[in-house]
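First the structure, in the form of structure tokens, and then the observations on it.
In what follows, every heavy atom counts, from backbone to side chain, and hydrogens, waters and symmetry copies are set aside. Remember, it's 1-based here, ligands and their atoms both numbered in the order they're listed. All of these numbers come straight from a predicted model, not from anything done at the bench.
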Amino acid sequence: MPLVPASVTLAAPAKINLFLEVTGRRSDGFHGLETVFQTIELHDTVQVEVVPAEPGSDQPQNRIALSCDDPSLPVDQRNLAWRAAAAYLSLHPFGQVAITLSKRIPHGAGLGGGSSDAATVLRALALHDPAPPDLFGLAAGLGSDVPFFLLGGTAHATGRGEILAALPDLPDLPITVLMPEGASCPTPAIFAALTDDERGPRPARGADWWRAALASVTVAGFGPLLTNRLTEPAVRCCPAVGKLLEVLHKRGDTVWMTGSGAACVVLGVVEPPPATRAWPTRLRRRSRLDALN
Ligand code: C5P
């Protein structure tokens, strides 16, 4: 019987961090975090086509073909989506995997675009697999933010970001993601720029605290919860982020930085200041994780 390729196309949503605290430096070189992740409607699209394995198939690295509509991104093992497919293939002998990425999420933004693409490749491959492996284990090996994208919606995270507790969905509030033109914040550089004081250690509030706080929050009461310990190091590394935050604060917007920057988030739909890129979008509920519309 001929081997029939099967294809699936899924959305890979961006995330924002509603809150991010550094709880200390760990012996493995990473930082302990407490964060509240939230998927948003801004998304990449990931198409994954698989051909079932024939006996005696080649090495995994020869069986992955990645293409991407953003020529600035690599399409080999330097791309996390490629590494996600390789990790899956090391456990499950698909014949060939062809991945097509349509990029919309800016990089160097703290929006988790690469991590989301990688998690979406894992989810797509699992849809073709009668006995999928533990995707959370694979995802945690790929990067700190990757496991969250298997879950989506609103979630509390500790550890490096991989110990997750789902939180109830928030209303699908409108937001605007803003980024200074040309700005980019490499995650390792921002963590490396933390001062000893900023690094902690300090205790986490815990998932139950966040569940209660978010259950009773009003839009007006949301602002004080939205803090990010990585803001100061990101502003030191990329002063344009500090300028953008200042302009938005001054005009009365509820604004905060996501992840390690350089993107900032404003509640509501707002006009971008000069020299700023803007993506008007909404929070994305867990039930819409894969939705393409
Ligand atoms: O896990 P990920 O590949 O996203 O991490 C990129 C870099 O960010 C790490 O190599 C580390 O320097 C820093 N990081 C950290 N603590 C975390 C997450 C990331 O120090 N919890």
Ligand 1 N/O to protein N/O, distances under 3.5 Å:
{"residue": "ligand 1", "atom": "1 (O)", "partner": "S144", "partner atom": "N", "Å": "2.9"}
{"residue": "ligand 1", "atom": "1 (O)", "partner": "S144", "partner atom": "OG", "Å": "2.6"}
{"residue": "ligand 1", "atom": "16 (N)", "partner": "H31", "partner atom": "N", "Å": "2.9"}
{"residue": "ligand 1", "atom": "20 (O)", "partner": "H31", "partner atom": "N", "Å": "3.4"}
{"residue": "ligand 1", "atom": "20 (O)", "partner": "H31", "partner atom": "ND1", "Å": "2.8"}
{"residue": "ligand 1", "atom": "21 (N)", "partner": "H31", "partner atom": "O", "Å": "2.8"}
{"residue": "ligand 1", "atom": "21 (N)", "partner": "R160", "partner atom": "O", "Å": "3.1"}

Considering non-hydrogen atoms only, spot the tightest contact between P74 and L66 and give its length. O-CD2, 4.3 Å
One should read off an interatomic distance between L10 CG and D44 CG, to the nearest 0.5 angstrom, of 12.5 Å
Could you work out, with ring-ring contact (aromatic ring centres under 6.0 Å, His included) as the rule, every residue matching F222, not counting sequence neighbours? none
Could you grab the distance from atom CD1 of I40 to atom OG1 of T281, nearest 0.5 Å is fine? 5.0 Å
Listed by chain and number, what are the salt bridge (Lys or Arg N to Asp or Glu O under 4.0 Å) partners of D196, not counting sequence neighbours? R199
Just jot down the ring-ring contact (aromatic ring centres under 6.0 Å, His included) partners of H92, sequence neighbours excluded, or say none. F94
